Amino acid sequence: MASISYIKSAPSVYTPTQVVQWLKAIGYPETVGSSPDELATQLDEKKFPTTLETLTLVSRLHLMAFPFENLDMHYSPKHQLDVTAEGNFRRMVVERKGSYCYGKNGLLLEMLRGLGYRTYAGQGRVNGLMMTDAPPKYSTIQHMVLFVQPSEGDKTTYLVDAGFGGGGLVRPILLAEDAVVLGTTPTEKHRLKRGPHPESVLGKLKPPSSSIELSITPSTIEDPAALSWRLEVQRDRKDPSAPPAPWRALFTFSETEYFQSDFELSSFYVSTHPDGSPFLQNVLCVKYFYVDDRKEDLGLMFLYRDEVKQHTGTTSQEVAKIKTEEERIQKIREFYGIDIDDAAIEHIRGRPGELKDA
């Protein structure tokens with residue numbers, strides 16, 4: 001189990017009115033059959049059901065309501081995403097656009113606090129080789145995650161992440177070694193493991209076997225002193241007769257608490273450093289959808305550079321091939337409901353993410 005201490009309650013930066021606006025934006029009232037006024041009363045009387053079941057529901061609705069996207073990094077004058085509390089609320093709740101991890105999980109963190117959940121935020125390092133069978137190659141600290149303790153008086157902790165983009169968690173996972181949850185469909189699973197960073201040189205000393213054993217030698221050093229958590233994914237192969245697919249690391253993270261100023265600095269790095277992330281070089285937009293009326297399995301619509309693909313389970317198909325910036329703007333409107341003004345194309349001209357006209 002996790003070594004996390006008891007998480008104290010913390011006030012949200014958002015007002016109860018803003019929390020209800022968010023609940024409406026993610027479709028919570030109609031999902032549970034409550035009116036916005038009834039929800040406002042629950043919040044006012046501190047009777048909102050802060051259970052694991054509700055956490056699973058609101059995090060799923062949040063994941064699906066707001067696309068994972070980096071469009072302002074390319075189509076705005078500043079070429080950055082505003083991940084302040086005000087910016088997150090305006091962009092997602094008011095304008096119904098999306099963001100990446102620092103925006104999506106940043107908004108979710110404060111909304112969970114507004115509902116009454118005990119939660120805090122951490123950061124992780126993304127595996128740049130997650131699509132291969134090669135050993136992990138981790139980035140700098142550049143991914144935001146949430147830790148939530150849904151039961152009052154209980155330290156049982158869940159990892160919540162609605163901001164990884166395609167392939168990440170779609171439900172909370174117990175923060176425990178070998179914990180496993182389903183992904184978008186039964187063909188995908190996520191699990192947690194612990195281990196050292198592959199480049200770590202830290203170790204810890206074994207207890208001395210006698211009072212005269214004072215020297216430090218390789219034989220007196222055992223397991224690494226710093227063990228990190230690692231979220232892994234396993235996806236079934238298209239051929240059911242093939243051997244099971246390997247587990248692949250998505251990202252590694254610690255239980256260290258981080259704060260809003262940390263996230264704004266990390267977001268600035270991701271937005272501006274040439275080697276900070278794939279986001280600076282590529283336009284991307286990811287939106288989840290329900291596969292059928294049961295509303296259990298999920299698929300995703302994935303725009304990456306010049307193509308849009310639909311992924312459902314082990315099946316992928318190309319939906320659109322894009323040749324120009326004008327076409328890409330149109331596809332973003334069509335598939336993601338995000339209206340980018342045609343004049344915004346000028347902001348991407350001459351930058352790495354620009355599509356050159358064929």
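Keep in mind that this is a model prediction, so the values were computed, not measured.
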Q: Please assess Asp342 against Arg333 for the test salt bridge (charged side-chain N to carboxylate O under 4.0 Å, His left out), listing each intermediate value before the final yes or no.
A: CA-CA 11 Å; Asp342 289 339; Arg333 293 170 182 155; 2.9 Å; yes

Q: Kindly indicate, with the supporting measurements, whether the criterion side chain to side chain contact (heavy atoms under 4.5 Å, CB included) is fulfilled by Ser271 and Tyr100.
A: CA-CA 11 Å; Ser271 299; Tyr100 54 11; 3.2 Å; yes

Q | Worked verdict on Arg294 versus Asp292 for salt bridge (charged side-chain N to carboxylate O under 4.0 Å, His left out) | A | CA-CA 6 Å; Arg294 294 180 304 151; Asp292 53 39; 3.4 Å; yes

Q: Walk me through it: do Asp236 and Glu188 pass the test side chain to side chain contact (heavy atoms under 4.5 Å, CB included)?
A: CA-CA 6 Å; Asp236 290 352; Glu188 180 181 73; over 6 Å; no

Q: Test side-chain hydrogen bond (donor to acceptor under 3.5 Å, both in side chains) on Gln149 and Thr157 and set out the steps.
A: CA-CA 5 Å; Gln149 293 176 349; Thr157 306; 3.1 Å; yes

Q: Apply side-chain hydrogen bond (donor to acceptor under 3.5 Å, both in side chains) to the pair Ser9 and Tyr117, showing each step before the final yes or no.
A: CA-CA 7 Å; Ser9 295; Tyr117 282 99; over 6 Å; no

Q. Passes salt bridge (charged side-chain N to carboxylate O under 4.0 Å, His left out), Glu354 versus Arg351? Steps please.
A. CA-CA 6 Å; Glu354 180 188 7; Arg351 294 179 61 82; over 6 Å; no

Q: Dump the intermediate steps for salt bridge (charged side-chain N to carboxylate O under 4.0 Å, His left out) on Asp82 and Arg90, then the final yes or no.
A: CA-CA 10 Å; Asp82 184 352; Arg90 180 180 61 254; 3.2 Å; yes

Q: Dump the intermediate steps for side chain to side chain contact (heavy atoms under 4.5 Å, CB included) on Lys323 and Asp306, then the final yes or no.
A: CA-CA 7 Å; Lys323 295 181 180 180; Asp306 63 349; over 6 Å; no

Q: Take Asp161 and His143, measure what side-chain hydrogen bond (donor to acceptor under 3.5 Å, both in side chains) needs, and give me the verdict at the end.
A: CA-CA 10 Å; Asp161 183 7; His143 181 57; 2.7 Å; yes

Q.
Using side chain to side chain contact (heavy atoms under 4.5 Å, CB included), reason through Asp341 and Ile329 one step at a time and then give a plain yes or no.
A. CA-CA 8 Å; Asp341 192 276; Ile329 293 292; over 6 Å; no

Q: Show your reasoning for whether side-chain hydrogen bond (donor to acceptor under 3.5 Å, both in side chains) applies to Glu264 and Gln260.
A: CA-CA 6 Å; Glu264 292 181 25; Gln260 179 62 29; 2.9 Å; yes

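To the nearest 0.5 Å, the span separating OG on Ser316 from CG on Leu300 amounts to 8.0 Å. Arg235 CZ to Lys189 NZ: the interatomic distance, rounded to the nearest 0.5 Å, is 12.0 Å. One distance of note links CG of Asp37 with CD of Gln42; it measures 11.5 Å at 0.5 Å rounding. Atoms OG and CZ, from Ser254 and Arg125 in turn, are 8.5 Å apart once rounded to the nearest 0.5 Å. Between the CD atom of Glu30 and the OG atom of Ser35 there is a distance of 11.5 Å, given to the nearest 0.5 Å. Between the NZ atom of Lys8 and the OG1 atom of Thr119 there is a distance of 14.5 Å, given to the nearest 0.5 Å.
Pairs passing the ring-ring contact (aromatic ring centres under 6.0 Å, His included) check and including a residue from residues 9-66, sequence neighbours excluded, read Tyr14-Phe89, Trp22-His62, Tyr28-Phe48, His62-Phe66.
A heavy-atom distance below 4.5 Å is found between the side chains of Thr312 and Phe289. Taking 4.5 Å as the limit, every side-chain heavy atom of Leu192 sits out of range of all side-chain heavy atoms of Val180. A heavy-atom distance below 4.5 Å is not found between the side chains of Leu55 and Thr50. The shortest distance between side-chain heavy atoms of Ser12 and Met111 does not fall below 4.5 Å. By the 4.5 Å heavy-atom criterion applied to side chains, Phe263 and Gln123 are counted as neighbours. At least one side-chain heavy atom of Ile322 sits under 4.5 Å from a side-chain heavy atom of Val308. The shortest distance between side-chain heavy atoms of Trp247 and Val233 does not fall below 4.5 Å. A 4.5 Å side-chain heavy-atom check between Thr324 and Leu355 finds every atom pair outside the cut-off.
The environment of CD in Glu199 is sparse: at most 12 heavy-atom neighbours from other residues, nucleotides or ligands sit within 6.0 Å. Around atom CZ of Phe268, no more than 12 heavy atoms belonging to other residues, nucleotides or ligands sit under 6.0 Å away. Open room surrounds NZ on Lys137; 12 or fewer heavy atoms of other groups in view lie less than 6.0 Å from it. No more than 12 heavy atoms of other residues, nucleotides or ligands sit less than 6.0 Å from atom CD of Glu53.
A tilted orientation is assigned to the rings of His273 and Tyr269, their planes being inclined by 30° to 60°.
Between the side chain of Thr31 and the main chain of Gly27, a donor-acceptor pair closer than 3.5 Å is present.
Remark: Glu232 pairs with Arg191, Arg230 by the salt bridge (charged side-chain N to carboxylate O under 4.0 Å, His left out) rule, at least two apart or across chains. With sequence neighbours left out, Glu152 forms a side-chain contact (heavy atoms from CB on, under 4.5 Å) with Tyr6, Arg118.
Taking hydrophobic clusters as Ile, Leu, Val, Met, Phe, Trp and Tyr residues chained together by side-chain heavy-atom distances below 4.5 Å, Ile348 does not share a cluster with Leu280. Both Tyr304 and Tyr288 sit in one connected hydrophobic cluster of ILVMFWY residues. Membership requires side-chain heavy atoms under 4.5 Å apart, directly or through other members. Cluster annotation: Leu182 is not connected to Leu174 through the hydrophobic network of ILVMFWY side chains, with a link wherever side-chain heavy atoms come within less than 4.5 Å.
A salt bridge links Lys321 and Glu307; the closest N-O separation between the charged side-chain nitrogens and carboxylate oxygens is under 4.0 Å. Salt-bridge annotation for Lys78 and Asp72: absent, with no side-chain N of the basic residue lying under 4.0 Å from a carboxylate O of the acidic one. In summary, Arg91 and Glu69 engage in a salt bridge, as defined by a charged side-chain N under 4.0 Å from a carboxylate O. Remark: Glu334 engages Lys331 in a salt bridge, criterion side-chain N to carboxylate O under 4.0 Å. Classification of Lys193 and Glu177 as a salt-bridged pair holds, one side-chain N sitting under 4.0 Å from a carboxylate O.
Of the residues Leu298, Asp297, Thr56, Val181, the one that meets the side-chain contact (heavy atoms from CB on, under 4.5 Å) test with Val170 is Leu298. The one candidate from Leu175, Thr252, Leu159 that meets the side-chain contact (heavy atoms from CB on, under 4.5 Å) condition with Trp229 is Leu175.
Taking the ring centroids of Phe147 and Tyr158, they lie at or beyond the 6.0 Å cut-off. A distance below 6.0 Å separates the ring centres of Phe251 and Phe164.
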